[in-house]
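We count ligands from 1, going down the list as the structure has it; atoms in each ligand are counted the same way. All residue numbers in this chain count up from 1 along the given sequence.
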Amino acid sequence: MWLWPQGFWPRLSTARCRVQTSRASSSGWRQCQVLLHELGLDEPLVTPLRERFLQPLMALLYPDCGGGWLDSHRAFVVKYAPGQDRELGCHYDNAELTINVALGKAFTGGALYFGGLFQAPSALAKPLEVEHVVGQGILHRGGQLHGARPLVTGERWNLVVWLRASAVRNRLCPMCCRKPDLVDDEGFGDGFTREEPTTVDLCALT
Ligand SMILES: O=C(O)CCC(=O)C(=O)O
Ligand SMILES: [Fe+2]
């Protein structure tokens, strides 16, 4: 049996990648979006949902893109309504995997459409359409090109959870497709982690 000396494990801090691309993250494109961590709902709701339910499922369904290593998320509720946002342009998510749950209310239109992975955008020539069904969630790879068709009637509210695996994105930023240029961030940041530089107490050494 191995016993690690106390303090051996590197301390990890959360980070984001400095390089952004214009068509990357879909947050900021909309008028109406509520971040669940700003409501204090990460710890009691979204983190247990990720750790207990989504992580084991994603480990089975998407082992190739970090499904077994999901260690953070960004969760938000989006609203589409007449006179407000009605549709969402084609994009890929700043996530290894995404779950998108239709919460309500009554609506028509607003189907999700999917193309290929963003590295092969020509695949979008023949998109796959998936209707939202209230109470059901759609799982997809973050890098899969997608968007939402215009709402026709009613109001649509969806819970979107971008699931992230630092073990995957620390090697290659899914947005800029380069080795991430990390800067410290708060909370889960953008799902990257970095080792905090070891500080040496010089006084204790002398
Ligand atoms: O409106 C939707 O259901 C799609 C939302 C989405 O793709 C996103 O927020 O990244
Ligand atoms: Fe998305």
Side-chain angles (χ1 to χ4, degrees), residues 16-17 20-39 41-42 45-46 49-50 54 58 61-62 65-67 70 72-121 123-124 127-165 168-169 173-177 187-192:
R16 65 188 161 79
C17 175
Q20 292 288 324
T21 60
S22 56
R23 66 172 186 162
S25 148
S26 61
S27 58
W29 292 358
R30 351 170 165 266
Q31 295 173 35
C32 196
Q33 168 177 282
V34 178
L35 294 166
L36 267 60
H37 71 262
E38 291 184 351
L39 301 180
L41 289 175
D42 259 356
L45 181 70
V46 190
L49 175 73
R50 168 170 52 81
L54 297 175
M58 298 299 201
L61 295 177
Y62 297 102
C65 58
L70 303 174
S72 74
H73 58 262
R74 181 180 178 89
F76 46 94
V77 170
V78 295
K79 177 188 171 195
Y80 299 83
Q84 300 175 19
D85 290 333
R86 288 186 56 243
E87 63 192 295
L88 185 66
C90 186
H91 65 282
Y92 54 95
D93 297 338
N94 188 345
E96 274 62 60
L97 292 161
T98 296
I99 180 164
N100 181 337
V101 183
L103 303 175
K105 299 180 175 181
F107 61 88
T108 57
L112 284 188
Y113 60 92
F114 290 93
L117 294 176
F118 77 88
Q119 296 94 335
L124 197 60
L128 170 76
E129 299 238 349
V130 185
E131 296 287 344
H132 281 297
V133 177
V134 173
Q136 293 186 13
I138 297 167
L139 303 175
H140 62 87
R141 289 165 206 272
Q144 189 109 33
L145 284 166
H146 61 282
R149 298 282 184 221
L151 184 76
V152 178
T153 60
E155 244 179 55
R156 177 164 79 82
W157 296 61
N158 279 60
L159 168 67
V160 178
V161 186
W162 287 353
L163 297 158
R164 290 155 167 181
V168 173
R169 60 181 42 222
C173 169
M175 296 285 98
C176 65
C177 296
F188 285 133
D190 260 345
F192 300 89

With no hydrogens and no angle check, just 3.5 Å: does a side-chain donor-acceptor pair link H140 and N100?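 No.
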So, do [X] and [Y] sit near enough that their side-chain heavy atoms are less than 4.5 Å apart?
X    : Y    : value
V34  : K79  : no
H37  : F76  : no
Q136 : I138 : no

Within 45 degrees of the axis of the six-membered ring of F188 and under 6.0 Å from its centre: does R50 put its NZ or CZ there?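 The answer is yes, since R50 meets both limits relative to F188.
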How are the rings of H132 and F107 set to each other: parallel, tilted or perpendicular (split at 30° and 60°)?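 Perpendicular, since the angle between the ring planes exceeds 60°.
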Considering only heavy atoms of [X], which atoms of ligand 1 have at least one such atom less than 4.0 Å away?
X    : value
W162 : 10 (O)
F76  : 9 (O)
H132 : 3 (O)
A148 : 1 (O)
L88  : 4 (C), 5 (C), 6 (C), 7 (O), 8 (C)
L112 : 2 (C), 3 (O), 4 (C)
D93  : 10 (O)
N100 : 2 (C), 3 (O), 4 (C), 5 (C)

Report the atom name of the nearest N/O/S atom of D93 relative to the Fe ion (ligand 2).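 Atom name returned: OD1.
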Taking all non-hydrogen atoms of both residues into account, name the closest pair between V161 and A75 and its distance.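 Nearest heavy atoms, V161 then A75: CG2-CB, 4.1 Å.
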Closest heavy-atom pair and its distance - V77, W157: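 What the structure gives for the nearest pair is CG1-CE3, 3.9 Å.
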Proximity flag R156 to ligand 1, non-hydrogen atoms under 4.0 Å: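 Contact present.
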If you have a sec, read the angle at the Fe ion (ligand 2) from H146 atom NE2 over to H91 atom NE2, to 10 degrees.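 Taking the Fe ion (ligand 2) as the apex, the two atoms subtend 90°.
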